[in-house]
Amino acid sequence: VQLQAFGGGLVRAGGSLRLSCTASGGTLSMGWFRQAPGKEREFVAAITRSGGMASYTDSVQGRFTISRDNAKNTVYLQIDNLKPEDTAVYYCAARGFGSYYYTRQSDYDYWGQGTLVTVSS
């Protein structure tokens, strides 16, 4: 399974971005994580294989939306009302088995290369 993440960039605070992650190898439970400069990588959002349920970390609830198009094997992360503290490298991840959503890094078997989101104040 290979994951390719796209969509990062430089945005002003209050702006929006949509990140995409395409997975080869089929429909998998997927998630997004991020790593800010000098910090540990953290969970952001995850979605079930069907797309029917999702989970978010508290700091992004209401601003981030994870969704998926299984016909394209692609998961999206819509990021609205960006804040400077959202600046990070965003990684998508996929789990090789299971249908639920997963919030721990150790739950995932495959990782994308990361896409940088920079938010200016």
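Position 1 is the first residue of the sequence; numbering continues from there.
- Note: Glu42 CD to Gln35 CD = 9.5 Å, rounded to the nearest 0.5 Å.
- The distance from atom CZ of Phe43 to atom OH of Tyr101, rounded to the nearest 0.5 Å, is 8.5 Å.
- Both Trp111 and Val89 are assigned to one and the same hydrophobic cluster, defined by single-linkage of ILVMFWY side chains at heavy-atom distances under 4.5 Å.
- One N or O on the side chain of Ser29 and one on the backbone of Gly98 form a donor-acceptor pair closer than 3.5 Å.
- The local environment of CD in Gln61 is crowded, with over 12 non-hydrogen atoms from other residues, nucleotides or ligands closer than 6.0 Å.
- Between Ser67 and Ile47, the shortest heavy-atom contact is CA-CD1, 3.7 Å.
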Under 3.5 Å, which donor-acceptor pairs link side chains of residues 8-20 to any protein atom two or more places apart or in another chain?
{"unit_1": "Ser16", "atom_1": "OG", "unit_2": "Asp80", "atom_2": "OD1", "d": "2.9"}

CA sep, side-chain torsions, deciding dist, call: Thr48, Ser99, side-chain hydrogen bond (donor to acceptor under 3.5 Å, both in side chains):
CA-CA 6 Å; Thr48 56; Ser99 300; over 6 Å; no

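- In the hydrophobic cluster analysis, where Ile, Leu, Val, Met, Phe, Trp and Tyr join through side-chain heavy atoms closer than 4.5 angstrom, Tyr100 is grouped apart from Val75.
- Arg34 CZ to Thr57 OG1: the interatomic distance, rounded to the nearest 0.5 Å, is 7.5 Å.
- Judged by distance alone, the side chain of Asp107 and the main-chain N or O of Tyr102 form no donor-acceptor pair under 3.5 Å.
- Shown here is Gln4, whose CD atom has no more than 12 heavy atoms of other residues, nucleotides or ligands within 6.0 Å.
- A single hydrophobic cluster is seen to contain both Tyr110 and Ile66, as judged by linkage of ILVMFWY side chains at heavy-atom distances under 4.5 Å, directly or through other members.
- Taking the ring centre of Phe97 as origin, the terminal cationic atom of Arg95 falls inside the region bounded by 6.0 Å and 45° from the ring axis.
- With hydrogens and angles ignored, the 3.5 Å screen pairs a side-chain donor or acceptor of Arg68 with a backbone N or O of Leu28.
- Identified under the ring-ring contact (aromatic ring centres under 6.0 Å, His included) test for residues 54-95, with sequence neighbours left out: none.
- Residues Leu3 and Phe33 do not share a hydrophobic cluster, clusters being chains of Ile/Leu/Val/Met/Phe/Trp/Tyr side chains in contact below 4.5 Å.
- When all heavy atoms of Ser55 and Thr103 are compared, the closest pair comes out as OG-CG2, 3.8 Å.
- Rounding to the nearest 0.5 Å gives a distance of 8.0 Å between OG1 of Thr87 and CG of Leu82.
- Counting non-hydrogen atoms of other residues, nucleotides and ligands closer than 6.0 Å to CD of Gln2 gives a total of 12 or fewer.
- Note: the hydrophobic cluster containing Val44 also contains Val117 (ILVMFWY, side chain heavy atoms under 4.5 Å, direct or indirect links).
- Minimum heavy-atom separation, Tyr108 to Ala46: OH-CB, 3.5 Å.
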